[in-house]
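Naming convention: chains lettered A, B, ... in sequence-line order (proteins, then strands); numbering from 1 in each chain. Only a predicted model underlies this, so the values are computations on that prediction, with no experimental measurement involved.
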2 protein chains.
Amino acid sequence: MDTSQPPRRKPGRPKAGADLRDRILDEAEACFAAAGFAGAALREIATRAGVNQALLRYYFGSKQDLFDAVFRRRGGMISGQRHVLLDRALAAPDLSVESVLRAYLRPQWEMKLSGPGGAAFIALQARVHAEPEAHALELRREVYDPSLRRYIDALCDLLPALPRAVVSMRVAFLVGTYLFMLNDLGRLTDLSEGQIHEMPPEHMLDQLVVFLAAGLRAPEI
Amino acid sequence: MDTSQPPRRKPGRPKAGADLRDRILDEAEACFAAAGFAGAALREIATRAGVNQALLRYYFGSKQDLFDAVFRRRGGMISGQRHVLLDRALAAPDLSVESVLRAYLRPQWEMKLSGPGGAAFIALQARVHAEPEAHALELRREVYDPSLRRYIDALCDLLPALPRAVVSMRVAFLVGTYLFMLNDLGRLTDLSEGQIHEMPPEHMLDQLVVFLAAGLRAPEI
DNA sequence: TTCGTTATTCATCGACCGAATAATAATACA
DNA sequence: TGTATTATTATTCGGTCGATGAATAACGAA
């Protein structure tokens, strides 16, 4: 009489494909963003995605591999969009420090506003940037450094008075500024006693561009 | 024959006091910085500090309480130093955006360079700023927001053409910039193909001040 | 139909973690 | 000296975690 099997049992091949894969990545993204790498539990990711935990391993390998897949998915999108937007900015007649900055910032900005998934990735990205582990550093380099180098080249051309070392350093400053700003966007409100809260998001991006462009253009000391 | 007690046994009261307490906080700081809150293990902290794990609980309470103690220790130092340096800057004849910026940046900068403990705290701080949990947010607010508000006031006086909302936002930008820069100081090297590596640290702080001061002074759009 | 391959679940293992409790040694105080 | 208090250790508990291997159902090819 032990043979009574509850009806919910369906190993096999019901929902395979990129669809399920993406759903797993979505939930993993949310969990990693909320709890960090160590704090996220594969069990919870699997449950939220409606699959068995062993399936994560079947698809992605270890926990670290899953994390990397999450990071590369959106990171690759952003890098690709930056590449396209930089090409467009360089070809446009209004080429300027501001237009290059916008080409760099817009992909992340739009991902942040695109919905909870995009916002989760921004948070996750901020975490990765704060992690000192060698693996996190490699990941960031692999995903982002190539596109960054092109932007440094473009800005050096636009700011011929500045040596490359100074431009490189200022670009590094810039990365910290926007990462923090995007991640903390909701909390900026507090410092300004609510005044920022009433500002439309598009205006905030403008503010950021103004701030960063002025910093980049500052004469060398 | 079970009564043979190995000589290494010394419960009691050998090394009590602020000394041991600080050693525990030091090791906790290093572990939390390296692995994050969830990733750090109380067992390792205790081992590295040369004490039993239960002693952590006796001194600090839960893991979260220990973390908070770590954060408040150095955070309090920084806030205190900022308060003093801002007073001094406001009273000095060369009061300027730059001098206010330096008063804000110097405590963290010197902590970073003061040794491995200080550097560990900077890393930990960057992690806390990237964590979305409500508790982390409260902690940051409690430790840092009061001093931040004074700096916003001072900068508003120095930049009367800018509305307070804009100054507040730019100060928020600024926080991200220096946090990221301090934490990534060692890695900035890569982007500049080694050129930054040869720059003396003091010069890097100057570069940061120039960048931020220009951003703060940018005319409103 | 048959059979191998692929996708999925189930069940479990060993490790580790944070917390808790009880025992115990050093000190302070009477 | 004796006794209460404080600082420290030893040990254990329940829980959770990532990983793993075996079982199994669906599908594609023959």
Side-chain angles (χ1 to χ4, degrees), chain A residues 2-32 34-70 133 135, chain B residues 2-32 34-70 133 135:
Chain A
D2 198 359
T3 57
S4 72
Q5 287 151 359
R8 43 167 175 80
R9 251 218 193 182
K10 34 178 180 180
R13 217 191 212 172
K15 45 192 171 180
D19 189 30
L20 181 55
R21 211 187 145 84
D22 266 340
R23 186 142 52 94
I24 292 173
L25 287 176
D26 286 343
E27 297 302 334
E29 188 170 65
C31 287
F32 282 131
F37 178 78
L42 294 185
R43 279 174 167 82
E44 190 192 342
I45 296 172
T47 302
R48 288 173 50 160
V51 300
N52 191 277
Q53 186 197 152
L55 195 64
L56 306 191
R57 184 176 141 84
Y58 179 76
Y59 272 176
F60 300 99
S62 71
K63 185 185 189 183
Q64 183 70 58
D65 293 334
L66 172 60
F67 184 90
D68 292 0
V70 167
E133 289 103 24
H135 183 79
Chain B
D2 197 0
T3 57
S4 73
Q5 286 152 356
R8 43 171 174 80
R9 255 217 192 180
K10 33 174 180 179
R13 218 191 210 173
K15 45 194 171 180
D19 188 29
L20 181 54
R21 210 186 145 85
D22 266 340
R23 187 142 53 92
I24 292 173
L25 287 175
D26 286 341
E27 298 301 334
E29 188 170 63
C31 286
F32 283 132
F37 178 77
L42 294 184
R43 278 173 167 82
E44 191 192 341
I45 295 172
T47 302
R48 287 174 51 162
V51 301
N52 190 278
Q53 188 197 150
L55 196 62
L56 306 194
R57 186 174 139 85
Y58 180 75
Y59 273 176
F60 300 100
S62 71
K63 186 185 187 182
Q64 184 68 59
D65 293 334
L66 172 59
F67 184 90
D68 292 359
V70 167
E133 290 101 26
H135 184 78

>> Rounding to an integer number of Å, can you tell me how far B:Leu20 CG sits from D:dT8 C1'?
In response: 9 Å
Give each protein N/O atom lying under 3.5 Å from an N/O atom of nucleotides 14-17 of chain C, with the pair distance.
none

>> Within this structure, what is the CZ-CG distance for the pair A:Arg48 and A:Asp26, rounded to the nearest 0.5 Å?
In response: 10.0 Å
> So, is B:Tyr58 close to the D:dA7 phosphate, meaning a side-chain N or O under 4.0 Å from OP1 or OP2?
Replying inline: yes
> Does a side-chain heavy-atom distance below 4.5 Å link A:Leu42 with A:Arg57?
Replying inline: no
> Nearest to the side chain of B:Ser62 - C:dA19, C:dT9, D:dT6?
Replying inline: C:dA19
>> Side-chain N or O of A:Arg57 versus OP1/OP2 of D:dG18: is the shortest distance under 4.0 Å?
In response: no
>> Quick check: closest heavy atoms across A:Ala35 and A:Ala40, and the distance to 0.1 Å?
In response: CB-N, 3.7 Å
>> Between P on C:dA19 and CZ on B:Phe67, what's the gap in Å once rounded to a whole number?
In response: 14 Å
> Between A:Phe37 and B:Leu55, which is nearer to the 5' end of DNA chain D once each is assigned its nearest nucleotide?
Replying inline: B:Leu55
>> Could you go through B:Leu25 and B:Phe60, starting from their C-alpha distance and side-chain angles, then the distance that decides it, and tell me whether this counts as side-chain contact (heavy atoms from CB on, under 4.5 Å)?
In response: CA-CA 10 Å; B:Leu25 287 175; B:Phe60 300 100; 3.7 Å; yes
> Below 4.0 angstrom from OP1 or OP2 of C:dC10, is there any side-chain N or O of A:Asn52?
Replying inline: yes
> D:dA10, C:dA7, D:dT8: which one has an atom nearest the side-chain heavy atoms of A:Tyr59?
Replying inline: C:dA7
> Mind checking whether B:Phe32 and B:Phe37 have parallel, tilted or perpendicular rings, split at 30° and 60°?
Replying inline: parallel
>> Just the rounded figure in Å: distance from P of D:dA7 to CG of B:Leu56.
In response: 15 Å
>> Test your reading of the model: is there a side-chain donor-acceptor pair from A:Asp65 to the backbone of A:Ser62, 3.5 Å cut-off?
In response: yes
> Considering only side-chain heavy atoms of B:Ala54, which listed nucleotide, C:dC10, C:dT21, D:dA19, is closest?
Replying inline: C:dT21
